[in-house]
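Note sheet for the following structure.
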Amino acid sequence: MAAAPIRKLALLLLPALVLLAVAAARPQAGPESLPPQDRNFALILPGDGPADIVRKAAEVVPTGPQWAWQQREFIAFAHFGMNTFTNREWGQGTEDPKLFDPTDFDPRQWVKAFKDAGMDMLILTAKHHDGFCLWPSRYTSHSVKSSPWRGGKGDVVGDVVKACREFGLRVGIYLSPWDRHEPSYGDSPKYNEHFRGQLRELLTDYGPIDEVWFDGANGEGPNGKRQVYDWPSYYKVIRELQPQAVIFGMAPDVRWVGTESGYGRETEWSVTPIDLRGLDAAAAASPFPLDGVFKPGDLTAADLGSREKIAAATGLFWYPAETDVSIRPGWFYHPADDDKVKTPEKLVDIYFSSVGRNSTLLLNVPPDTRGRIHDNDVKSLLGMKAILDATFKANLAAGATIKSTSEATGHGPAAVLDGNKDTYWTPAEGAESAALEMEFPDDRTFDLALVQEYIRAGQRVESFVLEAWDGKAWTAFARGTTIGYKRLLRFAPVTARKVRLTIERSRACPALAAFGLYRAPSK
Ligand code: FUL
């Protein structure tokens with residue numbers, strides 16, 4: 001019964017999709033063995049069997065903004081606002097703006113610490129659920145305007161952005177749709193207009209904003225009413241004013257990894273199901289095709305993208321994971337937590353379980369009531385960076401003689417060791433197996449491997465194994481499932497002169513951008 005309308009839709013969509021494919025042709029065309037890649041979604045058509053679905057999943061690729069975001073890897077989050085001064089995690093919206101009064105506000109100190117820690121962007125809570133605005137919004141007086149700080153003339157967002165520009169960090173904005181202060185909240189059209197207005201201010205007045213962070217919290221407002229958020233209209237404002245930005249959470253660009261612990265899944269797929277039945281030809285051909293049909297599903301599920309999971313999908317899209325976690329027990333600063341800051345070793349473990357599992361790491365480091373980052377947090381951040389620098393200082397696989405089972409023209413195995421993310425090895429068309437063998441000039445000892453797929457051609461690898469040659473035989477020392485943008489594997493130290501990486505299962509021919517072997521510093 002349901003098949004007929006879907007088929008009709010598919011016929012309708014076909015010309016639009018062909019058009020899209022032509023219009024969005026990528027400058028980085030793959031070799032002949034890789035099909036043309038240009039869309040971050042795929043329609044499953046009636047009659048598509050399991051093999052077609054798997055092939056389609058392998059062909060879905062990130063958009064330009066998603067690709068740029070993925071390479072940012074390590075992002076700072078700063079929860080700062082009314083809660084910093086009331087020592088709470090969630091404010092009620094009734095707080096007196098006079099409470100907001102940092103004594104030594106110094107965003108340059110934060111941003112320098114983030115830069116020194118190797119972070120690439122800072123996302124600031126411009127407004128949390130209590131509704132207090134860190135910028136002088138024209139839409140409310142519940143903001144820095146009504147605080148004693150700088151005589152009501154201050155602008156936290158403006159100063160933080162300025163510091164980010166000075167140190168070369170990108171900027172992201174957290175703007176809570178749930179607003180426990182704003183009287184129009186719950187009066188749906190009115191508040192939607194208010195919220196779009198605030199978005200417009202933030203996305204117009206502060207230069208490039210590269211990520212907008214939306215959680216889905218939807219509690220009651222001051223009048224006890226719940227708001228019906230008009231998400232597509234919010235996306236429209238963002239797409240128009242900052243088309244290069246990705247939207248996190250309640251939007252089809254970047255998903256929540258599903259935990260707040262810093263630990264993502266071992267098997268992390270960036271291609272997941274989406275219901276595309278509402279997508280018409282015009283929407284499909286628009287620059288942001290998924291904005292009108294996106295609905296968040298259960299992102300806490302253990303499996304979001306296996307063959308079993310996608311088997312019944314009506315569509316698939318590129319929806320990569322971001323792992324948000326706080327360096328402290330809470331998101332906001334609380335003096336009682338000063339001795340509960342995560343240690344450098346814990347942060348490194350989190351890095352391996354997020355960046356090392358095909359995700360980005362969004363690490364929250366909350367400024368205190370002075371408006372500075374506490375020394376304990378700075379120490380942990382820098383300690384983490386020192387461990388990562390010592391770990392990744394030299395790729396022990398560099399300089400190896402490298403052979404592959406086969407290669408497509410122009411995509412030989414040396415590409416995985418050349419330090420260039422835009423070159424990759426891929427086997428010859430129709431190859432049945434895919435393996436790389438590396439021989440070093442001498443014995444090497446390592447306890448960590450890095451593998452990266454060239455995700456601009458899609459995420460394909462489902463399982464792989466690493467083996468060492470002991471002079472007589474190959475012995476497996478590490479195994480992994482998905483790779484995606486980056487996979488880091490830790491194992492007991494191995495000493496070998498020859499190492500083999502075998503792709504055991506893949507959705508299409510694998511395309512690998514990087515391989516590395518490293519040794520963690522001894523403690
Ligand atoms: C959640 C919020 O409710 C928390 O307060 C915090 O901002 C976290 C990052 O997102 O949904």
Side-chain angles (χ1 to χ4, degrees), residues 69 72 74-95 100 110 114 119 121-135 142 156-157 160 171-182 185 195 198-199 202 209-222 226-227 229 231 234 246-251 253-264 296-300 321-334 336-337 340-342 347 350 354 359-368 373 377:
W69 163 87
R72 281 173 209 144
F74 188 21
I75 306 167
F77 211 1
H79 276 68
F80 184 57
M82 186 53 79
N83 296 333
T84 314
F85 297 87
T86 55
N87 201 17
R88 298 184 66 134
E89 279 292 302
W90 278 10
Q92 289 176 319
T94 49
E95 295 79 11
F100 183 87
W110 326 352
F114 299 153
M119 291 154 141
M121 172 156 83
L122 164 58
I123 301 180
L124 173 70
T125 52
K127 176 178 87 166
H128 204 252
H129 309 326
D130 57 75
F132 182 78
C133 298
L134 292 185
W135 80 105
H142 197 59
V156 172
V157 174
V160 169
V171 179
I173 288 291
Y174 171 118
L175 189 68
S176 170
W178 184 25
D179 189 324
R180 303 179 87 179
H181 176 85
E182 170 54 34
Y185 184 94
F195 190 74
Q198 293 199 320
L199 265 177
L202 290 166
I209 301 294
D210 288 308
E211 183 163 344
V212 177
W213 217 90
F214 285 150
D215 76 13
N218 184 201
E220 292 174 355
R226 225 174 264 273
Q227 172 71 22
Y229 301 132
W231 296 108
Y234 307 164
V246 289
I247 312 174
F248 167 93
M250 299 299 292
D253 297 350
V254 173
R255 80 179 142 86
W256 180 44
V257 76
T259 70
E260 289 185 343
S261 62
Y263 293 82
D298 175 13
L299 300 178
T300 62
E322 184 170 85
T323 304
D324 62 323
V325 59
S326 185
I327 197 167
R328 288 168 170 253
W331 292 102
F332 283 88
Y333 175 83
H334 307 293
D337 293 342
K340 297 194 189 91
V341 174
K342 291 187 174 64
L347 294 176
I350 285 175
S354 52
S359 175
T360 56
L361 171 55
L362 175 60
L363 179 64
N364 180 62
V365 189
D368 61 19
I373 305 288
D377 306 58

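Remember, it's 1-based here, ligands and their atoms both numbered in the order they're listed. Position 1 is the first residue of the sequence; numbering continues from there.
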TODO: List the steps and the verdict of side-chain contact (heavy atoms from CB on, under 4.5 Å) for W90 and H128.
DONE: CA-CA 8 Å; W90 278 10; H128 204 252; 3.8 Å; yes

TODO: Using distance alone, determine whether H79 and ligand 1 share an N or O pair under 3.5 Å.
DONE: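 Yes; the residue has a nitrogen or oxygen that sits under 3.5 Å from a nitrogen or oxygen of the ligand.
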
Open item on the list: So, regarding W331 and ligand 1 (criterion: nitrogen or oxygen to nitrogen or oxygen, under 3.5 Å), is there a contact or not?
Closed with: no

Task: Near-ring test F77/H79, centroid separation under 6.0 angstrom - done: yes

- [ ] Measure centre to centre between the rings of F74 and F114, then say whether the value is under 6.0 Å.
- [x] no

Open item on the list: Please confirm whether Y174 approaches ligand 1 to less than 4.0 Å, judged on its heavy atoms.
Closed with: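 Yes, Y174 has a heavy atom closer than 4.0 Å to ligand 1.
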
TODO: Return the residue, atom name and 0.1 Å-rounded distance of the protein heavy atom closest to atom 10 (O) of ligand 1.
DONE: D215 OD2, 3.5 Å

TODO: List the closest protein heavy-atom neighbour of atom 3 (O) of ligand 1: residue, atom name, distance to the nearest 0.1 Å.
DONE: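 Checking every protein heavy atom, the shortest distance to atom 3 (O) of ligand 1 gives H129 NE2, 2.8 Å.
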
- [ ] Measure the acute angle between the ring planes of Y174 and H129, then classify it against the limits of 30° and 60° as parallel, tilted or perpendicular.
- [x]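 It falls in the tilted class, 30° to 60°.
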
Open item on the list: Is the ring pair Y234/F195 parallel, tilted or perpendicular, if the boundaries are 30 and 60 degrees?
Closed with: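 If you compare the ring of Y234 with that of F195, the planes turn out tilted.
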
Open item on the list: Show the atoms of ligand 1 that are less than 4.0 angstrom away from any heavy atom in H128.
Closed with: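 By the 4.0 Å cutoff, the relevant atoms are 4 (C), 5 (O), 6 (C), 7 (O).
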
